Each structure stands twice: as structure tokens, then as C-alpha cells.
Amino acid sequence: MEHTSERLTGLSAQGALAAISRNLERTAVQEASAVEKRFAHIKEKASLLARRMLREAGCSDLLEAVLTTDEAVRLYRESVSEAVKTPLFGNVNHAEEPFFFRQGKRFDRLYLCKCIAEAAGTHDLKSMIPLVLGGLSELPYGREKRVAFLRNRQASRAFERFAKYLGGVSAVYEDNFQNACESVYTGEATYAVIPIASTSDGRLNSFYRLMEKYELNIVLSCDVDSDDGESSTTFALVYRDRVYIPTQGTPLLECKITFERISDLADLADAAEYFGATLESVEALPLLFSGRAGAFDMIFGLSGADCAGLFSYLALEYPQAAAVGIYDRTERGPS
């Protein structure tokens, strides 16, 4: 049965507000029915896209096609580039139409990426990491593992936090963090412990530059409180190759991304929430480091997230994003 709006003539202000609320509820029910039909159409679209992506990318695994090939990005971009050609709102609301449909298209894209990821079947995080990062190496076994770091209280606590996940490591003390990184690069040490962020200074770009210089990758991270408890420093365990060490902590995705519009940050924050991830930090990158304006370092917490959906969304919507690493932030330990 079709509902009609309640008349407001002769009602008190309170009664009119109550009637308006009931009218809005009825409208919401009507809208939900239309949106569910839209869901069904988008799901059909995702199924067709998935088959084309597999065929044109020449992959046997859909998620591999989505996360690693230009063909998948091209097909996706073609499918979402359709524009509404005629005005759908009346003259009185014509000015609201662009923003209204931008929000609707944003959700359509989120749902489309989710459906494409679902069509790929079940993948655990570890199986997806090589697709995002471009491969994983084996952990070093069968030889003494040495960890280089500057000898101070916070770095020593970080070493202790990391050591329990590495098995059979010894400490190597260096005069500075650059020497620690260089010792990993030359093979004198297996890992190094360096600071990468602090609550007082944010992202420590100089240490990220050290990692780039010595071709090192983050393996684990942890937050270590200062002696007075007023601040904390994030330390990273770095290694020459990309490896993944699961812990009881929080898996993180760190990536660099350049936005054409700063407002796209809001889209990506919404996407993280939609896929069940947390946006842990957003740091603007200086031109000296990124080479371009509008570049950001973003870290997403992946505990309980739909990782396949989030990774697919990032790959298809932001192919310019570059993964810095996927690694665990270990649980906080005693100071």
C-alpha cells in the first residue's frame, strides 16, 4: 500500500514536527526499497566485471587480477565513468543534485569493490600480502640473527618487544641509527631497530629516508612510552626483504598516496570505516620527501577488517597508491 504524506494544516508546531518525522520515515522505507534494487544491479555488474577482469588480465585468481594488473583498473574505470546525462531533480532542488549524486556514486563504488572482492572468494591476510607488496621473502633461519640499534632505554625496550617474535637474536649496539641501518644493508646485522614516529613530532621523515637509502622494509612496529609517560615513540624492526611476522597485535597497512583533491581524504576515511578498518594516522609528506604536493602517508589498522575489499578499493580507485608495508604493531608491553 502506498503511503501518502500527512497534512500539516492546523497542527501545532509539535504536532507538525511529529508528522514530518513520520513522513520522513515513510520516505526512508520507499528509498530503501529502491536502494536494495540498486544493490542487486551493482552485484550483477560486479559479477560481469569479475569475469572480464579474469579474461583480459589472463589470471586464474580474481584478486590477483584486481591487485596487480592495469587491465582490471582500466575495466573498473570504464564501468564507473558513466555520467547521469539528464537532471533528475526538479528546479527547486537542482542545486543539490551534484553533491547528492557524488555521495551516491561514492557508495556505489564502495559496494562495487566489495562485491568484486567477494567474487574472488576467501583469502586470508597472509595470502594477500604478496599481491599488495609484490612478493614476500622467507624469514631468516639457521644462523645467528643480530639486531642493531642505538643503546638507549626506549630502543632497548623495543628490542625486547621484538625479540620474542624472532627467536634466538642478539643485540648489536651502534653509535647512531644510520650505522644500525647500514649494518643491515651490508649484512653485518640481520635487523635494525629505528624510530619512525612519535607523539610529539609525528612521522619521522628522516628515518624513512634512511630506510629508502638502505633499501629496508618494516617488519614489525611497537609503541614505547617515555619514562615519564607523557609521550611515546613508535619503533620499527627493519629488514632487507619484505617478510610478515604475525603477532597478537594489530596488522597495519602503510601506504603513500597522492590525491588530486584533498577532499578525497574524506572518501578514503569513509572507505576504511566501510570495510571495517581503522584510519590510524594521516601525515602530509613534505615536497622534499614525496616530490609532489598533496602526498600523504596513511596507516590503516586491519584487525577485523574486510582486507580483500579494502585492498581492492585502494587498487581500483587509487592505483597511484604505493604500499610502504604490511606489518604488525605488537601489543603494548610493560614499560
Side-chain angles (χ1 to χ4, degrees), residues 133 136-247 249-250 252 254 256 281 283 285-286 288-290 297 299 323-335:
L133 299 182
L136 279 180
S137 298
E138 295 292 328
L139 287 168
Y141 292 109
R143 59 188 178 88
E144 181 187 8
K145 295 182 286 293
R146 295 153 59 88
V147 182
F149 58 96
L150 180 66
R151 189 171 194 171
N152 63 38
R153 289 174 64 86
Q154 283 188 302
S156 295
R157 290 172 188 162
F159 165 72
E160 292 169 3
R161 197 87 56 84
F162 296 142
K164 65 180 181 179
Y165 299 105
L166 303 176
V169 294
S170 60
V172 178
Y173 301 116
E174 297 286 356
D175 294 333
N176 54 62
F177 288 113
Q178 179 167 343
N179 287 348
C181 291
E182 187 172 357
S183 67
V184 177
Y185 181 77
T186 60
E188 295 175 22
T190 313
Y191 304 101
V193 175
I194 62 172
I196 56 172
S198 72
T199 52
S200 58
D201 298 316
R203 186 181 193 266
L204 302 177
N205 290 314
S206 60
F207 288 96
Y208 276 88
R209 281 194 289 270
L210 276 180
M211 281 191 283
E212 287 196 353
K213 177 180 179 180
Y214 293 108
E215 302 174 357
L216 304 178
N217 300 283
I218 300 175
V219 175
L220 291 172
S221 75
C222 70
D223 296 328
V224 180
D225 292 333
S226 61
D227 290 338
D228 59 11
E230 294 296 320
S231 63
S232 69
T233 299
T234 301
F235 284 88
L237 181 76
V238 295
Y239 180 58
R240 284 176 297 178
D241 299 319
R242 294 189 185 275
V243 297
Y244 180 67
I245 302 176
T247 73
T250 303
L252 303 174
E254 182 173 355
K256 291 191 297 184
S281 74
E283 294 271 359
L285 296 175
L288 180 64
F289 188 82
S290 63
D297 180 90
I299 299 179
V324 174
I326 297 175
Y327 53 88
D328 277 17
R329 179 180 61 214
T330 69
E331 71 283 1
R332 281 188 179 272
S335 298

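Since the model is a prediction, treat every value here as computed from it, not as a measurement.
Using a 4.5 Å heavy-atom threshold, the side chains of Val147 and Leu237 count as touching. Considering only heavy atoms from C-beta on, Arg203 comes within 4.5 Å of Leu285 through its side chain.
The CD1 atom of Ile194 lies 6.5 Å from the CG atom of Leu210; values are rounded to the nearest 0.5 Å. Taken from SG in Cys181 to CG in Leu216, the straight-line distance is 5.5 Å, to the nearest 0.5 Å. Remark: Ile196 CD1 to Ser206 OG distance equals 11.5 Å, nearest 0.5 Å. Note that the CD atom of Gln154 and the OG atom of Ser231 stand 6.5 Å from one another [nearest 0.5 Å]. Summarising the geometry, atom CG belonging to Asp328 is positioned 9.0 Å from atom CD1 belonging to Ile245; distances are rounded to the nearest 0.5 Å. In this structure, OH on Tyr173 lies 10.5 Å from CG on Asn152, to the nearest 0.5 angstrom.
In this structure Arg151 satisfies the salt bridge (Lys or Arg N to Asp or Glu O under 4.0 Å) test with no other residue, sequence neighbours excluded. Qualifying side-chain contact (heavy atoms from CB on, under 4.5 Å) partners for Val324, counting only residues two or more places apart in sequence or in other chains: Tyr208, Glu254, Lys256, Asp297. For the side-chain contact (heavy atoms from CB on, under 4.5 Å) test, residues two or more places apart in sequence or in another chain that qualify with Asp175 are Asn179. The side-chain contact (heavy atoms from CB on, under 4.5 Å) search around Asn217 returns Arg242, not counting sequence neighbours. Remark: Tyr165 pairs with no residue by the ring pair (Phe, Tyr, Trp, His ring centres under 6.0 Å) rule, at least two apart or across chains. Residues that satisfy the ring pair (Phe, Tyr, Trp, His ring centres under 6.0 Å) test with Tyr244, not counting sequence neighbours, are absent from this structure. Applying the salt bridge (Lys or Arg N to Asp or Glu O under 4.0 Å) test to Lys164 and every residue at least two apart in sequence or in another chain returns Glu331. The salt bridge (Lys or Arg N to Asp or Glu O under 4.0 Å) test applied to Arg146 returns no partner, not counting sequence neighbours. Listed by chain and residue number, Ser200, Asp201, Leu204, Thr233 satisfy the side-chain contact (heavy atoms from CB on, under 4.5 Å) test with Ser198 (two or more places apart in sequence, or in another chain). Judged as a ring pair (Phe, Tyr, Trp, His ring centres under 6.0 Å), and not counting sequence neighbours, the contacts of Tyr191 are Tyr239. Partners of Ser183 by side-chain hydrogen bond (donor to acceptor under 3.5 Å, both in side chains), not counting sequence neighbours: none found.
The minimum heavy-atom distance between Ser221 and Phe162, with the atom names listed, is C-CE2, 3.6 Å. Of all non-hydrogen atoms in Arg157 and Asp225, the two that sit nearest each other are NH1-O, 3.1 Å. Closest non-hydrogen pair, Val169 versus Ala163, comes out as CG2-CB, 3.8 Å. Minimum interatomic distance between Arg329 and Cys222 (heavy atoms only, all atoms of both residues): CG-CA, 4.4 Å. Summarising the geometry of Ser170 relative to Phe159, their closest heavy-atom pair is C-CZ, 4.3 Å, with the distance given to 0.1 Å.
Sorted by first and then second residue, the pairs that involve residues 213-235 and meet ring-ring contact (aromatic ring centres under 6.0 Å, His included), not counting sequence neighbours, are Tyr185-Tyr214.
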- Starting from the C-alpha separation in whole Å, work towards a yes-or-no answer on side chain to side chain contact (heavy atoms under 4.5 Å, CB included) for Val172 and Glu188. CA-CA 10 Å; Val172 178; Glu188 295 175 22; over 6 Å; no
